[in-house]
Every structure is written in C-alpha cells, then in structure tokens.
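Quick caveat, the model's predicted, so the values are computed rather than measured. When reading the values below, keep in mind they use all heavy atoms of this one structure, side chains included, and skip hydrogens, waters and symmetry mates. Naming: A, B, ... by sequence-line order, numbering from 1 per chain.
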Protein chains: 2
Amino acid sequence: MHNDDSFDLQGFLPYLLAQAAETASAGFQRHYKDRYGMLRTEWRVLFHLGRYGPMTAKDIGARARVHKTKISRAVAALETKRFLTRNVVTRDRRQAKLDLTKNGQAAFDDLYKAAQAFDAQLMAGFSRQEGAALKRCLAALAAQ
Amino acid sequence: MHNDDSFDLQGFLPYLLAQAAETASAGFQRHYKDRYGMLRTEWRVLFHLGRYGPMTAKDIGARARVHKTKISRAVAALETKRFLTRNVVTRDRRQAKLDLTKNGQAAFDDLYKAAQAFDAQLMAGFSRQEGAALKRCLAALAAQ
DNA sequence: CCTTGTTAGTTACAAAAACAACTAATACGT
DNA sequence: ACGTATTAGTTGTTTTTGTAACTAACAAGG
C-alpha cells in the first residue's frame, strides 16, 4: 500500500481540528438552535451585539471575520425573530446600527451563561496550564 | 450592556476551534481542490483507501465518522475522476470494495506528501511538547 | 455639479451539506 | 420457505453556504 512512518489522519492537524470543532460546535448548537431556532452565524451576531453593544453589520463582520452576506442574512433572520432592530445612521444612510430588543437581550443573557458553562465543561478535562496552552495554540493557528 | 468578567468569543473554545479549523482547512484545500478538483470528503475517502488499503464505503464511514450519503457521493465523484473502482463483494452483493486506480494512487501519494508537509508547517510554530499536547487535547475533544 | 470610484448592504444564482425516503440484498425467526 | 427486520448504498428534496452581481449612498477630483 505504502510503506512506512506512522502519519495517519488522526495525526493530521487539520483533521483533528475539524473533528474537535465539529464535536464542540454540535454540542453547543442545541442551545441556540433547539432553544431559539438560530443558526451559528445568528448566534455570533447576537453575541457580538450583546457583548460589545450596538454596532453596524460591517463592524460585526470585521470583528468576527465573517462575510457580509452571511451577516446580512443573519441580521435579517434575527430581525424577523424580533431579536434586534435596525436604525439607519443619519450621517451615512447606507449603514444601520443594530440594537438588541428586550427579547434579543434576554436570549443573549441566557446563551451567554450557557456558553460560559459549556466552555467550562469542555475545559474541565484539562489542567489550567494545559487549557490555557490549548487556547493559545488555537488562537495562533486561527491568526495564520 | 452587561457587567463583568472577561469572557468573550476569543476565549470561547468552540469558536476558537471553528476559527482554527477553518483556517487550517482552507490552507490545505488548495492542494486537493485546485490540483485535483476534489471536495474535502473526496480527499478523506482517497486518504483512507491510500493509507489503509481497499475497503467498503461502510468501512470508510465508520473510520472517518462521516455520514454514508457524503461517502456515497464522494465515491461516485472519485469514480468519475477514475481515481477508484468499485468491485461488488460476491459474498454480499450490497457491498462494494473500493480500490484506487493507478491515478488514484498517484494522487494519494502526492497529497499524502503534501499533507505531511502542511502538517509540519502548521506545527512549526510550536515546540515539540506543545504540539504533542495540542494534538492530545484535540483528540480528547473530538472523542467526546 | 458631474463623472468616477468606493462602500454598506442586499439579492440572485450556483455549489454543497443535511435530512429523509428509497432500493436491493442479506439475516433471522418461525 | 416465508414474512419481517436490517443493512449497504443511492437518490431526491430541502437548507445552508459561497460567489457574483446589484442597488443605494457617499467621497473625491475636476
């Protein structure tokens, strides 16, 4: 077949990352999907608005490194769910400042807590240094 | 907005994993996509056959934790690319053993080398222990 | 002003993924 | 052998994503 040294998929970093990401993502999905019918990008948009305050779609895209069409659709979905409102910026009418509604804020508060708990649960398997090192490595890989 | 402790997206493990996985995946994609017109699942199927020898679609799905419809379509695509052949198993005619063709084998050899090099490049940013620890953590997370 | 270029955001269309339903072959219990 | 249940794999349909083209608003140079 081929000879040799023990390089297999389980040792291939992109594969490991994909598997771990999928597992983690699937685990947290039930919070925002099952409970609020949200997609992942919607959850991210909600998170940004809840965590950092009102901003435009552009701002979210820049922060989260997500393409503007995904943001656009997520914002539209969150608007129909009445989780946010759009307010056209008067000094530049192309932009719209996005504000969470009461409901949106409540959903954020709930999911924010859930996210913290979920993260803690995932990290529970590691020692403090190990976990910190893991996150540092991942951040470095993502920054490539 | 909300009060308090510094929990943001950059510290949320599922987010970090998703970002790192996406970056790594996009980086390696050019090898199998640009050069062979393959999709990710096709590359994984090719990898399994090249690395572990002929097996059925079922086997690949079990090993790679991929759904059978994805495998089915990847196999069909690899067959039209003349990278593999199907051979119905006589003792159970539902199954087909998948064998790489010369071309398939050549593509695998090429991509296998590329994968090793790519992995080495990604790991270059880390010390030996750090890298090993990273992979151990990821494997543990994927196994959840 | 008026042309040209750029930017924020949306929409339309193509590619891919997810999910469900299906076919054909085998296994099993009686 | 016969009816039912499983299993391997495929196909069809719906969501979701990716890409490109578009609209509306602004900016800058003349």
Side-chain angles (χ1 to χ4, degrees), chain A residues 18-19 21-23 25-27 29-30 32-34 36-46 48-49 54-81 84-99, chain B residues 18-19 21-23 25-30 32-34 36-45 48-49 54-81 84-99:
Chain A
Q19 294 294 106
E22 199 187 328
T23 301
S25 182
Q29 210 178 9
R30 69 189 182 79
Y32 58 78
K33 189 178 180 190
D34 295 0
Y36 296 99
M38 281 190 225
L39 257 27
R40 192 157 57 133
T41 307
E42 293 171 45
W43 145 243
R44 285 200 191 167
V45 167
L46 184 84
H48 276 266
L49 293 174
M55 62 180 87
T56 69
K58 175 92 201 297
D59 296 332
I60 300 175
R63 269 180 178 278
R65 304 250 223 81
V66 175
H67 194 267
K68 61 182 181 175
T69 61
K70 274 174 97 168
I71 302 283
S72 175
R73 291 196 261 243
V75 167
L78 289 171
E79 192 183 27
T80 57
K81 288 188 184 82
L84 60 76
T85 58
R86 310 186 201 216
N87 301 94
V88 171
V89 174
T90 48
R91 50 116 118 288
D92 182 350
R93 299 207 311 284
R94 288 171 301 183
Q95 306 184 69
K97 188 156 66 72
L98 306 170
D99 292 273
Chain B
Q19 293 295 105
E22 200 187 327
T23 301
S25 182
F28 191 63
Q29 208 179 13
R30 66 190 182 81
Y32 59 78
K33 189 178 180 190
D34 295 359
Y36 297 99
M38 281 191 227
L39 256 27
R40 193 159 57 134
T41 308
E42 294 172 44
W43 145 243
R44 284 201 190 167
V45 167
H48 275 266
L49 294 173
M55 63 180 88
T56 68
K58 176 91 201 297
D59 296 332
I60 300 175
R63 269 181 179 278
R65 305 251 223 81
V66 175
H67 194 267
K68 61 184 181 174
T69 61
K70 274 173 96 168
I71 302 283
S72 176
R73 283 177 170 128
V75 167
L78 289 171
E79 192 183 27
T80 57
K81 288 188 184 83
L84 60 77
T85 58
R86 310 187 201 216
N87 302 94
V88 171
V89 174
T90 48
R91 51 116 119 283
D92 181 349
R93 301 206 311 284
R94 285 171 303 185
Q95 305 185 61
K97 188 158 66 71
L98 307 170
D99 293 273

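For the pair A/Leu39 CG and C/dA17 P, the computed distance is 16 Å after rounding to whole Å. For the pair B/Arg93 CZ and C/dT26 P, the computed distance is 5 Å after rounding to whole Å. Atom NE2 of B/His67 is separated from atom C1' of C/dA17 by 11 Å (rounded to the nearest Å). Between the CD atom of B/Glu42 and the C1' atom of C/dA16 there is a distance of 11 Å, given to the nearest Å. When rounded to the nearest whole Å, the span between CZ of A/Arg86 and C1' of C/dA8 equals 12 Å. Rounded to an integer number of Å, the gap from CZ of B/Arg94 to P of D/dT7 is 9 Å. With rounding to whole Å, A/Glu79 atom CD is found 13 Å from C/dG9 atom P. Rounding to whole angstrom units, CD of residue A/Gln29 and C1' of C/dC19 are separated by 13 Å.
Contact annotation: A/Arg73 side-chain N/O to C/dT10 OP1/OP2 distance is not under 4.0 Å. Between C/dG9 and A/Ser72, no contact under 4.0 Å exists linking OP1 or OP2 to a side-chain N or O. Applying the 4.0 Å criterion to OP1 and OP2 of C/dA8, one finds that A/Lys58 has a side-chain N or O inside that range. Neither OP1 nor OP2 of C/dA17 sits under 4.0 Å from any side-chain N or O of B/Lys70.
Along DNA chain C, the nucleotide closest to A/Lys68 and the one closest to B/Thr90 are compared, and the more 5′ of them pairs with A/Lys68. Summary of the strand contacts: A/Gln95 and A/Thr69 both lie near DNA chain C, and taking for each the nucleotide with the nearest heavy atom, the more 5' one is attributed to A/Gln95. Toward the 5′ end of DNA chain D lies the nearest nucleotide of A/Lys33, the other residue of the pair A/Lys33 and A/Val89 mapping further downstream.
The residues B/Arg65 and A/Glu22 are annotated as not salt-bridged, no charged nitrogen and carboxylate oxygen being separated by less than 4.0 angstrom.
Two residues are said to be in side-chain contact when any heavy atoms from C-beta on lie closer than 4.5 Å; B/Ile71 and B/Val45 meet this criterion.
Across all their heavy atoms, B/Leu78 and B/Glu42 have their closest contact at CD1-O, 3.6 Å.
Backbone-only contact: B/Ala96 has heavy atoms under 4.0 Å from sugar-phosphate atoms and none from a base.
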Q | Candidate pair B/Thr56 and B/Asp59, rule side-chain contact (heavy atoms from CB on, under 4.5 Å), full reasoning | A | CA-CA 5 Å; B/Thr56 68; B/Asp59 296 332; 3.1 Å; yes
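B/Ser72 places no side-chain N or O within 3.5 Å of a backbone atom of B/Lys68 that could act as its donor or acceptor partner.
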